[in-house]
Structures are given as structure tokens and as C-alpha cells.
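Count residues from 1 along the sequence.
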Amino acid sequence: MFSQFFLFPALIVAATIPQGLDERSDIQPPVCPQFDAASTGTSDSSSAGSLITRRNDTANSLGDSFSAGHGAGKFLTTSSDGQDNICARSDGSYPHQLAQFSFTHPATDLTDFYACTGNVLSNIAGQVSKLGTRKLDMATLSISGNDFGFGEVVTRCVYPITSIGANYQANCDQALQTARDLIAGTTVWANYRDAVHNVLASLNGGAHVYITGYPQFFNTEPRTADFCDSTFFLDVAVIGRNLLMRAANRQAMNDLVLSVNENIKSQVADQISASRFVDIDRGFNGHRFCEPAFGNDPQGLGAHAEDVWFNDLKTTLEETGKWDGPPPDDLEVVLFNSLGAASWDAWAANIPSGFNDPSFQGRGLFDKFQQTSAFHPKALGHKVTAAAVLFPILLDSQPDDFVKLGPSDICVDSGLSLAPAPTCVHLDADCAALTVADNFAFVICANVIVPRTPEHEFLDFTCQMAHGPLEPTDDPTYVQKLLDRDEFKRKLDCLLAELDLDALAFPDVQIPAPKHIDATNGRFPTCWDFPVNTLLASQARLPAITVPAGFTQDGLPVGLELVGMEYQEQALLELASGVGSVL
């Protein structure tokens, strides 16, 4: 006997369904609720292997502009010291992005933090003092770039201003050598260890401070005669075009960063047991200045290139408001580094009065916030930094028996009688699986992170899934949503039974296949705006299959979805085979 099935038109609407089935036309695809870390209170979990729940005032991020997120987004307004603007703390900073992942470990809720643009090691004690009597469960620290005169290196080696009689390469070499001498010395590293001990004094027992290094600015294998070798980063007549961004200078600047990172690890983190060094550099691979993939594209300099994760002098910054910084009570800030040289002030003083260049958009060449944002990570750079920091935080928060490190293949009992075989996954290097009660809780990798707020609106559902509550019943609407889903399924079951149907049939989607660019051009602002019909089966938990059903006039494929009765997969497969043979 030939099977019967009900054929829906391309647009599924309530009117298509027989009377009585459209009573719940308000049912929408469930949206994962946002998790409010502040609502977790101070409750602790006593079960082994469970995630630690802590108050959102027991973590802080300390350090300089690389922690504050200088130039990475809009100024924050959440920190209790009232200095978000003056310290250039931004919503693109890695502490702020890390705060979005407080659902995995509430101690990462860093909506209030004290890192400040221009600060040096001697300022860390002052940042710690703002905590008062509070004790922290976790702290992050990014500091020392200003102590080694990185600002002076950038102004002399990357953006030298025209000055009569100047030997620009000699000036660059001097700045590089001064930084090398400071790194090779012992004074700064002793100060660094003192700063870390200051931070540790503010922590609860068993807590850690996570110390980040810095990312290399340029492609890690600079090549003579590549496009940057014949490029001026300050490609402006009258004041610029004084020093090409030669491979040798790029390598020298990268070497400074690597040397600082190596010493932070060996002279600080490895010598202080409660500190952890976090290597953030690898996450920037492929996204530095002068990457070979950019060829001769001038956008490879990073001013407006999304694939370059550092700001340039011409980058249009998201923040357009007035910057009140740097902090007036700090003598050793970005504009006055530890060498005592007013690096950016001296740089700007050499610009002729009234000079203007139309290629400088946004805040403009004379704006101090624009100047000091150069060679600082963009928000995407801070995102991979947040991932790198989150990785060891999660490992430290769990008993060793519950954390499995890659690279390895690991298996856990599925716990399902219908699927007695264990569930296995392959963990790549720098990945870890957290297991609870012999089941996977989640897998995290040091260079992969999904934000709470999507970069593109069409990724909203992905982010909602990633940031749903760890315990679904924490959502007060959870039970009602389950009841709505079951009622929706009941009505579909009734439809199939009353009409004696073997399946419902309809196109998979309501439009011809879109182009890839439609994902980002606003045609479908969110995932819910894409007119897909497959949600019916997934929400009703009914088996479904798609068969090829021909082509549009433009030659694009059309799929026909068949939705069958619960536990009737075999019948559905046979039906699909028959339908496919006649279409």
C-alpha cells in the first residue's frame, strides 16, 4: 500500500494545519536564557568535580594598558574606583571578555577591575590597595611593557617624526638597546616579583595569579624584501616617511617581546608557586602586522584590516568620546615611561603647527588616545587572550581526576542503556575535557572562545547555546517551556494519527539557497530570521529525513523534508527511499 503523507506549502503557517492545532501559534523556538552571574550569590557546591561558585567581587585584573584594553572598544563605566575612562578600560579588554564566561567559573566575573593604562610595576601596590580588606579568589596581571620602554621603541622605530639632522635608524637602535639592557638587568625583575607578592597578599589561600606575557607585533618570520620591507608605517608627507619597516627592525621588536615573555616565566612565575604564566602569543599567529598572507595589501598594516589584531595610528577606534587620561597622579604612565622620556609627547611636539593629513580619520593624529592606542591589541586580540587565561583558571579550579588534558583520546561512559558503548572524543594539544560523574561537562581549548555577545548577529543562537545556564532548572521559565514543547508534539502526533499519515512533507527551507555573503550583509540579521522549516521536527522530537526534490529555475537544489511518527524511523527510511526514487 502506498504511504500517505501530508504536503505543506513552502511557508509553514498555523492556517495550514487543521482546526485545533493552531491554538498554540505563539510557540516560538526556545531561546537559551542569559545566565546572570550576579544571581549566584555566595553559595558553594560541595559535590566533587562541580564548578566553583563565588561572588563576583572576588576577582580582579591588574596591570597596564594591555590589561585595560586601551583602544579595544568603548570605555567601561562599571569599576568601583571610578577610573574606567582615565585608565582607558574598554569593553573589548580581555578582563571584560573573560567576565562573559563567569558561567563556567564565577570567579572570572571581572566587571570591576583596576588595570590602568600607563601603569608600571611600582603602580601595582596602589592597584592592590584599592581592594581594601577584600580577599580575591583569582587575579590576572599584565604588566612591564612600560617598564621596558616599549612606547619609546614604537615611536622611534615605527613612527619616527621628521626632525632636521636626525639619524632615525640610530635612534631606533638606541631605543632597542635600552630595552634590551633593562630586560637583561635584575632591577625590573626584582620589582616584578615584589609586585606579584603584593597581589598574592590579596588572595585567599589556594588562589592563583595568572600572569600574561605580550604578543609579538609582526609576523614571526620577517622576510627581507617582503611588502613591509619597503613600507613606511607613518606614510605621511612632511612629517613621516623617515624609516622603512625593515625586516631587521621587525625581528628586533619581536625578539624584545619574546625575551620579556621568557623572563616573566623564568624569573617570576616559575619562582612563585601561586603564580601561573599564560602564553598569549600563539593565539595571535596569522593576525600580526606584515603577515605574508596579506601580500602587498596595505591593509596588512592593520589600520582597518579585521585580520590584523593590533591598532595602527590610522585605525578608526570605536571609542569617540573624550579621554580624561592618563591618570594625573601617575608620573610613570604611557606618555612618561620608566626611562623618564615623554615618548609620545616628544613625538607629537615634532609635528608642525597646523599640520593636517586627510588620511587620519576618526580621532585624528593629534589625539593622545589615538596615539597611545597604536600597537595595542584590538578586541579580537583580547578575545584570544581571554581564552588563554580561562584555560588554566578552569584547570586549577577542578580536582585532577576530573580534568583530562590533550593531546589524547578519552572516553567516558554514556550512561545510557540504549547506548552502552562509551562516548569518545579526541582532544587536541592545548585542550582539556572536564568530566563530572563520568560524563563530559565541557571541552575547552586555550585558543578557542565563544563570546556571550556575538561578533555577528547571525551567530546569536550559537552564543546563546554556549552561555545557557549550567543547570537548566535555574531558569524560572524552563518547566513551562518543556510543557509547551510537549503540547506542540502532542498536536503533531494527533495530526498524523487523525489523518492516518505516515509523514508530513515540506521543503527544508522557504527560499532558494542563499549566497554566503547573505550571512553578513543583513539579509538575515539573526538565525531566527532565516526561513528554515526544519525546526518543526527538532522541537517536536520527531524523526525527520530530507530527500532531493529537484532544482529551482536557477539550478539550485531543493530538499523535501519528511517528518514521521516517534519510533518509526524504519518506516520513514523506507518512505524516503520510495519518494526519492520517483522525484
Look up atom [atom1] in [X] and atom [atom2] in [Y], then write down how far apart they are to the nearest 0.5 Å.
X	Y	atom1	atom2	value
H96	S61	NE2	OG	12.5 Å
T178	E152	OG1	CD	8.0 Å
S65	N119	OG	CG	9.0 Å
S93	L76	OG	CG	5.5 Å
F530	F524	CZ	CZ	5.5 Å
C116	K130	SG	NZ	6.0 Å

Nearest heavy atoms of [X] and [Y], plus distance in Å:
X	Y	result
A72	S90	CB-OG, 3.6 Å
R250	C228	CZ-CB, 3.6 Å
C157	M253	CB-SD, 4.2 Å
I264	G213	CD1-CA, 4.3 Å
D312	Q370	O-NE2, 3.7 Å
T140	Y94	OG1-OH, 3.3 Å

Would you say the side chain of [Y] lies within less than 4.5 Å of the side chain of [X], judging by non-hydrogen atoms?
X	Y	result
D255	L176	no
V260	S144	yes
W323	R363	yes
I183	V188	no
R89	D81	yes
C87	Q83	yes
F217	C290	no
L62	F113	no

Mark yes or no for whether [X], through its side chain, and [Y], through its backbone, hold a donor-acceptor pair below 3.5 Å.
X	Y	value
H376	A374	yes
T220	Q216	no
H70	F66	no
N191	L121	no
D229	A247	yes
Q251	E221	no
S275	A269	yes
N60	L136	no
S373	F369	yes
D112	S80	yes

**Message:** Does N263 form a side-chain contact (heavy atoms from CB on, under 4.5 Å) with S259? I'd like the steps, not just the answer.
**Reply:** CA-CA 6 Å; N263 280 277; S259 182; 3.6 Å; yes
**Item:** Derivation of the salt bridge (Lys or Arg N to Asp or Glu O under 4.0 Å) call for D281 and R288
**Value:** CA-CA 10 Å; D281 183 58; R288 311 176 200 269; 2.8 Å; yes
**Prompt:** Taking it one step at a time, do Y192 and Q267 satisfy side-chain contact (heavy atoms from CB on, under 4.5 Å)?
**Reply:** CA-CA 9 Å; Y192 208 131; Q267 298 208 43; over 6 Å; no
**Prompt:** Checking K265 against F277: charged group under 6.0 Å from the ring centre and within 45 degrees of the axis?
**Reply:**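 No, cation not above the ring by the 6.0 Å, 45° rule.
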**Message:** I'd like to know whether D84 forms a side chain to side chain donor-acceptor pair (under 3.5 Å) with S79, so could you lay out the CA-CA distance, the side-chain angles of the two residues, the decisive distance to 0.1 Å, and finally the verdict.
**Reply:** CA-CA 6 Å; D84 282 335; S79 295; 2.8 Å; yes
**Message:** Go through it in stages, so that I can follow the logic: the residues are K74 and D91, the test is salt bridge (Lys or Arg N to Asp or Glu O under 4.0 Å), and I'd like the CA-CA distance, side-chain angles, deciding distance and then a yes or no.
**Reply:** CA-CA 6 Å; K74 302 285 287 185; D91 59 6; over 6 Å; no
**Request:** For the residue pair N204 and D137, confirm or rule out a side-chain donor-acceptor distance under 3.5 Å.
**Result:**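 Looking only at side-chain atoms, D137 and N204 do form a donor-acceptor pair, the distance falling under 3.5 Å.
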**Request:** Please lay out, stage by stage, how M245 and V158 fare under the test side-chain contact (heavy atoms from CB on, under 4.5 Å).
**Result:** CA-CA 7 Å; M245 203 64 253; V158 183; 4.2 Å; yes
**Prompt:** With under 30° as parallel and over 60° as perpendicular, where do the rings of F150 and F148 fit, or are they tilted in between?
**Reply:**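 It falls in the tilted class, 30° to 60°.
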**Prompt:** With under 30° as parallel and over 60° as perpendicular, where do the rings of F289 and F233 fit, or are they tilted in between?
**Reply:**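 Geometry flag for F233 against F289: perpendicular rings.
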**Message:** With a 4.0 Å cut-off on N to O distance, would you call D235 and K314 a salt bridge?
**Reply:**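 Not counted as a salt bridge, because no side-chain N and carboxylate O are separated by less than 4.0 Å.
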**Prompt:** Looking at I211, V278, V384, which one forms a side-chain contact (heavy atoms from CB on, under 4.5 Å) with V389?
**Reply:**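 Answer to the side-chain contact (heavy atoms from CB on, under 4.5 Å) test with V389 among I211, V278, V384: V278.
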**Item:** V153/L256 under side-chain contact (heavy atoms from CB on, under 4.5 Å): CA gap, chis, key distance, verdict
**Value:** CA-CA 10 Å; V153 171; L256 285 182; 4.1 Å; yes
